[in-house]
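Working notes, structure below.
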Amino acid sequence: MKYTTRPQALLLLADGTIFYGKSIGISGKTFGEVCFNTGMTGYQEIFTDPSYFGQIMVATNPHIGNYGVNANEVEADKIMISGLVCKNFSFTHSRPDSESNLYDYFEKENLICISDVDTRALVSYIRDNGAQNAVICTDGTPVEELKQLLANVPDMKGLELASTVSVTEPYFFGEENATYKIAALDLGIKRNILRNLAKRDCYIKVFPYNATFEELKSFNADGYFLSNGPGDPEPLEGVIEVAKEMIASDKPVFGICLGHQIIGLANGVSTYKMFNGHRGINHPVMNVLTGKGEITSQNHGFAVNREELEKHPDLEITHYHINDNTVAGMRMKSKNCFSVQYHPEASPGPHDSSYLFDEFIANITKAKSLQTV
């Protein structure tokens, strides 16, 4: 292989700290909240996950791109992260069923990437100082100019991003003659969530984030789903009101991640921005109902307030994160509604949490049987 010299590049954090590296060859600059993912595989799923919109991703796995890309491994139609920071970027790949290399994939969407960064030092710094805005620069823009530009980037706290990734028109997924009908509110829904529902004999109508409850109700669904998505949940006042109406309908409701936070807010429980958040594929969760631990895939920077939840007369914690005791799942006592703060559709090895989709279907089946009595 011919050796080529790559341009110098840098990552500037909002607090003024700089990490240096090299450009992979795509010139420019990109802004976002810097965060890290501890997954050793699944980089393409991470890059296309709408929940990562507006974020610069730091890969803790030292090798990125070594197994190429495949169109079947995307969670959306385009790359959602703002930029990538990695240690070793592989321009070649060796997996037989790869369709392309990662560089061509990034070049097509003009994604800015900096490699040859000391990612161990960077992740350690983020863990100690918290998630913050940053800029990747590969075009030689002076640092002082970058600082001025970075100062104008809005903080993730208070930032509504669901509207930027949601569909604008409803669409259908699955077989039309399926046993169950699901109305899903798209706040940044991952494709594999739809696959998991369709696999369980569901026909899903996916609605834009700003759809009214009357619009969702017109589908005559057997159950309602609130999806994952990016940004702060609190500005989504319209979605919170729709969630209240979903719950009041007495039909089964299931929420994942941002949807989970929306259900908490719909019940008067606040959310907060975490110091770092949880992002990776090996997060340990305790199922309070079964007493069993689960290895889960997580991706969130906000969480439901546990203290308020424990005082709520109609809510109970069903799961908690073993590392920091944050709320990982809850359900309502008087309504057919439950949610989790992790991704049961993401099974990078362990399938510990896929049962949650089965529980949703079981809730629907039970609700339908009661209607016919």
Side-chain angles (χ1 to χ4, degrees), residues 1-12 19-124 126 134-139 190-192 279-282 297-299 343 346-349:
M1 180 183 296
K2 182 181 179 181
Y3 180 81
T4 56
T5 301
R6 292 190 282 122
Q8 293 294 314
L10 63 84
L11 172 74
L12 170 66
F19 288 82
Y20 293 95
K22 295 181 180 179
S23 169
I24 66 168
I26 302 170
S27 182
K29 45 188 167 283
T30 186
F31 300 84
E33 181 186 62
V34 67
C35 61
F36 59 89
N37 188 294
T38 58
M40 296 299 288
T41 60
Y43 55 72
Q44 193 176 0
E45 290 90 339
I46 293 168
F47 301 158
T48 57
D49 182 350
S51 294
Y52 282 127
F53 186 86
Q55 293 179 315
I56 292 173
M57 179 54 57
V58 180
T60 61
N61 182 359
H63 300 286
I64 295 296
N66 51 316
Y67 60 81
V69 295
N70 188 304
N72 293 324
E73 296 171 0
V74 299
E75 294 292 354
D77 292 332
K78 63 180 182 179
I79 295 174
M80 291 291 179
I81 61 171
S82 296
L84 175 67
V85 182
C86 64
K87 175 61 177 175
N88 301 313
F89 186 91
S90 298
F91 290 85
T92 59
H93 59 283
S94 57
R95 189 174 54 158
D97 63 348
S98 294
E99 298 173 351
S100 175
N101 63 65
L102 189 58
Y103 177 80
D104 290 344
Y105 187 61
F106 279 5
E107 187 178 44
K108 182 179 178 181
E109 300 200 33
N110 197 36
L111 186 88
I112 308 299
C113 173
I114 179 175
S115 69
D116 295 81
V117 174
D118 185 347
T119 50
R120 293 179 66 181
L122 174 56
V123 169
S124 179
I126 297 171
V135 54
I136 299 173
C137 178
T138 62
D139 63 7
K190 292 173 65 178
R191 194 162 293 167
N192 209 31
R279 299 177 181 89
I281 60 178
N282 60 346
S297 178
Q298 301 203 9
N299 170 19
H343 285 274
S347 302

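All values below were derived from every heavy atom in this structure, side-chain atoms included, with hydrogens, water molecules and symmetry-related copies excluded. Count residues from 1 along the sequence.
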Problem - Separation of Met40 CE from His63 NE2 (nearest 0.5 Å) - result: 8.0 Å
Exercise for the section: Rounded to the nearest 0.5 Å, what's the gap from CG on Asn70 to OG on Ser98? Could you check? Expected result: 6.5 Å
Problem - 4.5 Å side-chain heavy-atom contact, Thr119 and Thr60 - result: no
Practice task
Check whether any side-chain heavy atom of Ile26 sits under 4.5 Å from a side-chain heavy atom of Asn110, and report yes or no.
Solution key: yes
Exercise for the section: Could you check Gln55 against Ser82 for side-chain contact (heavy atoms from CB on, under 4.5 Å), going step by step and ending with a plain yes or no? Expected result: CA-CA 5 Å; Gln55 293 179 315; Ser82 296; 5.7 Å; no
Handout entry: Closest approach of Ala346 to Lys190 (non-hydrogen atoms, all atoms of both residues)
Key = CB-NZ, 4.1 Å
Handout entry: Nearest-0.5 Å distance that lies between atom OH in Tyr103 and atom OG in Ser90
Key = 14.5 Å
Practice task
Applying side-chain hydrogen bond (donor to acceptor under 3.5 Å, both in side chains), name anything that partners Asn61, two or more places apart in sequence or on another chain.
Solution key: none
Exercise for the section: Measure the CE-OH distance between Met80 and Tyr52 for me, rounded to the nearest 0.5 Å. Expected result: 13.5 Å
Problem - Minimum side-chain heavy-atom gap Ile114-Leu84 below 4.5 Å - result: no
Practice task
Taking salt bridge (Lys or Arg N to Asp or Glu O under 4.0 Å) as the test, write out the residues that go with Glu33, two or more places apart.
Solution key: Lys273
Practice task
Please tell me if the side chains of Val117 and Tyr20 come closer than 4.5 Å, counting only heavy atoms from C-beta onward.
Solution key: no
Exercise for the section: Kindly write out the residues that satisfy side chain to side chain contact (heavy atoms under 4.5 Å, CB included) with Asp139, not counting sequence neighbours, or none if the list is empty. Expected result: Ser27, Lys29, Cys137, Thr141
Practice task
For Ser23 and Gly25, indicate whether the former's side chain and the latter's backbone hold a donor-acceptor pair under 3.5 Å.
Solution key: yes
Problem - Minimum-distance pair of heavy atoms, taken over all atoms of Arg95 and Tyr67 - result: NE-O, 3.1 Å
Handout entry: Sequence-distant partners of Leu102, side chain to side chain contact (heavy atoms under 4.5 Å, CB included), two or more places apart
Key = Tyr43, Phe47, Ile64, Val69, Phe89, Tyr105, Phe106
Exercise for the section: State, yes or no, whether a side-chain contact exists between Asp116 and Arg6 at a heavy-atom distance under 4.5 Å. Expected result: yes
Problem - Residues Asp118, Lys87; criterion salt bridge (charged side-chain N to carboxylate O under 4.0 Å, His left out); working and verdict - result: CA-CA 6 Å; Asp118 185 347; Lys87 175 61 177 175; over 6 Å; no
Practice task
Might you work through the side-chain contact (heavy atoms from CB on, under 4.5 Å) test for Asn37 and Met57, ending with a clear yes or no?
Solution key: CA-CA 7 Å; Asn37 188 294; Met57 179 54 57; 3.6 Å; yes
Fill in the blank from the handout: Residues passing the salt bridge (Lys or Arg N to Asp or Glu O under 4.0 Å) test with Glu45, sequence neighbours excluded, are none
Problem - Heavy-atom closest pair, residues Leu11 and Ala134 - result: CD1-CB, 3.9 Å
Exercise for the section: Evaluate the side-chain proximity of Ile81 to Thr48: yes if any heavy-atom separation is below 4.5 Å, no if none is. Expected result: no
Exercise for the section: Answer yes or no: is there a donor N or O on one side and an acceptor on the other, between the side chain of Thr138 and the main chain of Gly28, under 3.5 Å? Expected result: yes
Problem - Check: Asn299 side chain, Gly280 main-chain N or O, donor-acceptor pair, under 3.5 Å - result: no
Exercise for the section: Any chance you could lay out the side-chain contact (heavy atoms from CB on, under 4.5 Å) test for Glu109 and Lys78, step after step, and finish with the verdict? Expected result: CA-CA 8 Å; Glu109 300 200 33; Lys78 63 180 182 179; 3.5 Å; yes
Handout entry: Donor-acceptor pair, side chain of Ser115 and main chain of Asn88, under 3.5 angstrom
Key = no
Fill in the blank from the handout: dist Asn72:CG -> Gln44:CD (nearest 0.5 Å) comes out at 9.0 Å
Exercise for the section: Please list, chain by chain and in numerical order, all residues satisfying salt bridge (Lys or Arg N to Asp or Glu O under 4.0 Å) with Arg120, sequence neighbours excluded. Expected result: none
Practice task
Indicate yes or no: at least one non-hydrogen side-chain atom of Leu122 is less than 4.5 angstrom from one of Val85.
Solution key: yes
Problem - Lys22 versus Ala9, closest heavy-atom pair with distance - result: C-CB, 3.8 Å
Practice task
For the pair Val34 and Ile126, evaluate side-chain contact (heavy atoms from CB on, under 4.5 Å) and give the outcome as yes or no after the intermediate values.
Solution key: CA-CA 8 Å; Val34 67; Ile126 297 171; 3.9 Å; yes
Fill in the blank from the handout: Rounding to 0.5 Å, atoms CG (Asn101) and CD (Glu107) come to a distance of 9.0 Å
Exercise for the section: Indicate yes or no for a side-chain donor-acceptor contact from Glu75 to the backbone of Asn192 under 3.5 Å, with no hydrogens or angles considered. Expected result: yes
